[in-house]
> 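First the structure, which I've put down as structure tokens, then a few questions once you've had a look.
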Amino acid sequence: MKPLNYYKTVSLSLKNYSKAFQFIKEHQLTKYYIYISFFALLLSFLIISGGLYLSHQTIQAVEQFSMVISFKEWVASSFPSIADSLVYWSLFFLIEVPILISGFLVFPVILNTITFPILDSLTEKVNTILFEPDATSSMNLKRMMNMFFEITIPNAFKSIIYSLILLPFSFIPVIGPLVVVISISINAYYLGFDVLDNYFENWNIKVDQSKRFIRSHKKVSICTGLGGSLIAMVPIIGGVLSPALSIVAGGLILKELEVYETFKNDI
């Protein structure tokens, strides 16, 4: 398998996500956008409305804290003309913005989880185009359930937990941008993990062997999921495009890195 450094991890990801658009068009796979769009729009609505509701409830609760009440009284006595606006915007940036951002960070992981059967079908299509033209369908309920509970759900849970843990630190001056990069990388890793494992399952690679490979080649997983994580952060339209693009770009990345040949030579 071809080696990856950090620069190539990013450049390879962006290049193949760009190529994925054309690949989907050439091979008439655009129908998957339509299949996924229903779930993406529904999930976007739930995350935005739920985030707004949660942030408003949190702000109302925080406003009852004695420290916040004292702060409001000080602001009112010092800047009476802008007191209400200053308090509102302070709480908005400290509470509402982080909650909404956390929703967009975990959006691609949740969407990939609920559209898992659709993405599994797309993976099979791309696999026959790029790697195994004579492959037959490997879609069966037992295999899908094993992948769902052994890979997809645990990765979704880990990605959400890490994102929520890191989120408060992203607003700290100086280290904030670094924390954001780390958070995006973590989400990219788990998104890429799901995509890679799906291909490996199609290649009849055992789950344990798949896990070992991905964990020992984290840059490949980050490369696979990076573009999808960034696209998914674009409200609504990103959610529609990201899952299908992630699957296709993942296949193109595996092809360029000659991962299929690596596995087949080891068998």
Side-chain angles (χ1 to χ4, degrees), residues 1-17 20 105-106 108-113 115-116 119-120 122-124 126-127 130-132 135 138 143-163 166 181-232 242-267:
M1 190 189 80
K2 295 180 180 179
L4 274 178
N5 54 39
Y6 288 107
Y7 170 76
K8 191 172 182 181
T9 297
V10 176
S11 61
L12 187 65
S13 180
L14 298 180
K15 181 184 76 173
N16 282 289
Y17 270 86
L105 284 174
V106 302
V109 178
I110 298 175
L111 183 61
N112 276 27
T113 302
T115 58
F116 175 74
L119 299 178
D120 190 64
L122 177 58
T123 303
E124 287 193 346
V126 179
N127 183 55
L130 292 177
F131 304 105
E132 299 177 326
S138 60
R143 183 183 70 84
M144 290 180 64
M145 288 295 98
N146 286 339
M147 288 178 61
F148 188 72
F149 288 107
E150 290 188 38
I151 303 293
T152 306
I153 290 296
N155 283 350
F157 180 76
K158 292 173 186 176
S159 180
I160 291 170
I161 293 299
Y162 286 135
S163 295
L166 289 172
V181 170
I182 293 172
S183 183
I184 292 174
S185 299
I186 290 173
N187 281 279
Y189 170 73
Y190 285 113
L191 174 59
F193 198 124
D194 289 346
V195 173
L196 295 180
D197 182 74
N198 211 339
Y199 277 102
F200 297 162
E201 288 282 333
N202 276 270
W203 300 346
N204 296 317
I205 305 300
K206 294 180 180 179
V207 173
D208 289 341
Q209 187 180 357
S210 172
K211 288 180 178 179
R212 285 197 301 271
F213 177 88
I214 296 170
R215 288 168 180 166
S216 61
H217 297 84
K218 290 183 174 64
K219 291 176 186 175
V220 178
S221 185
I222 293 172
C223 178
T224 302
L226 180 59
S229 295
L230 295 175
I231 293 171
S242 174
L245 288 173
S246 297
I247 295 296
V248 174
L252 294 171
I253 289 168
L254 290 173
K255 185 75 171 179
E256 186 164 344
L257 294 177
E258 301 176 355
V259 175
Y260 180 81
E261 290 76 11
T262 299
F263 272 119
K264 291 307 176 181
N265 289 336
D266 290 340
I267 293 176

> To check you understand the geometry: which heavy-atom pair defines the closest contact between Gly227 and Ser13, and what is its length?
N-OG, 3.1 Å
> How long is the straight-line distance from CG of Asn187 back to CD1 of Ile160, given to the nearest 0.5 Å?
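If I round to the nearest 0.5 Å, the distance is 9.0 Å.
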> Atom CD1 in Ile205, atom CZ in Arg212: separation rounded to 0.5 Å?
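If we round to the nearest 0.5 Å, Ile205:CD1 and Arg212:CZ are 10.5 Å apart.
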> Can you find a heavy atom in the side chain of Asn127 that is under 4.5 Å from one in the side chain of Trp203?
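Asn127 vs Trp203: side chains touch.
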> Excluding sequence neighbours, so at least two apart, what forms side-chain hydrogen bond (donor to acceptor under 3.5 Å, both in side chains) with Tyr17?
Ser246
> Quick one: which residue pairs count as a salt bridge (Lys or Arg N to Asp or Glu O under 4.0 Å) with a foot in residues 245-257, not counting sequence neighbours?
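Qualifying pairs: Lys15-Glu256.
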> Could you go through the side-chain contact (heavy atoms from CB on, under 4.5 Å) check for Val220 and Ile214 one step at a time?
CA-CA 7 Å; Val220 178; Ile214 296 170; over 6 Å; no
> Does the side-chain contact (heavy atoms from CB on, under 4.5 Å) test come out yes or no for Phe200 and Ile151, once each step is laid out?
CA-CA 12 Å; Phe200 297 162; Ile151 303 293; over 6 Å; no
> What is the distance from atom CD of Glu124 to atom CD of Glu132, rounded to the nearest 0.5 Å?
10.5 Å
> Hey, could you give me the CD1/CG distance between Ile231 and Leu226, rounded to the nearest 0.5 Å?
9.5 Å
> Between Val126 and Tyr199, is any pair of side-chain heavy atoms under 4.5 Å apart?
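Heavy-atom side-chain distance check passes, below 4.5 Å.
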> Please give me the minimum heavy-atom distance between Thr224 and Gly250, naming the atom from each residue.
CG2-CA, 3.6 Å
> Would Thr152 and Asp194 count as a side-chain hydrogen bond (donor to acceptor under 3.5 Å, both in side chains) here? Give the steps.
CA-CA 6 Å; Thr152 306; Asp194 289 346; 4.5 Å; no
> Please find the pair of heavy atoms, one from Gly225 and one from Leu191, that lie closest to each other, and give the distance.
O-CD2, 3.5 Å
> Is there a side-chain contact (heavy atoms from CB on, under 4.5 Å) between Leu257 and Leu12 once you walk through the steps?
CA-CA 10 Å; Leu257 294 177; Leu12 187 65; 3.8 Å; yes
> Please report the closest heavy-atom contact between Ala20 and Ala249, naming both atoms and the distance.
CB-N, 4.0 Å
> Could you measure the distance from the CD atom of Glu150 to the NZ atom of Lys211? Nearest 0.5 Å is fine.
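If I round to the nearest 0.5 Å, the distance is 5.5 Å.
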> Work out which heavy atom in Ser221 is nearest to a heavy atom in Leu196; give both atom names and the distance.
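Heavy atoms only, the tightest pair is CA-CD1, 3.7 Å.
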> Taking C-beta and beyond as the side chain, do Leu254 and Phe131 meet within less than 4.5 Å on heavy atoms?
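The answer is yes, as the side chains (C-beta and beyond) meet within the 4.5 Å cut-off.
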> Do Tyr189 and Arg215 have side chains that get closer than 4.5 Å, going by heavy atoms?
yes
> Check Asn202 against Thr123 and note the closest heavy-atom contact, atom names and distance.
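Nearest heavy atoms, Asn202 then Thr123: ND2-CG2, 3.6 Å.
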> Is there a side-chain contact (heavy atoms from CB on, under 4.5 Å) between Ile186 and Lys158 once you walk through the steps?
CA-CA 9 Å; Ile186 290 173; Lys158 292 173 186 176; over 6 Å; no
> State whether the side chain of Ser183 and the backbone N or O of Ser163 hold a donor-acceptor pair below 3.5 Å, judged by distance alone.
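Answer holds: no.
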> List in chain and number order the residues that pass side-chain hydrogen bond (donor to acceptor under 3.5 Å, both in side chains) with Thr9, two or more places apart in sequence or in another chain; answer none if no residue qualifies.
none
> Just verifying a value: how many Å separate Ile184 CD1 and Leu230 CG, rounded to the nearest 0.5 Å?
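That separation rounds to 5.5 Å.
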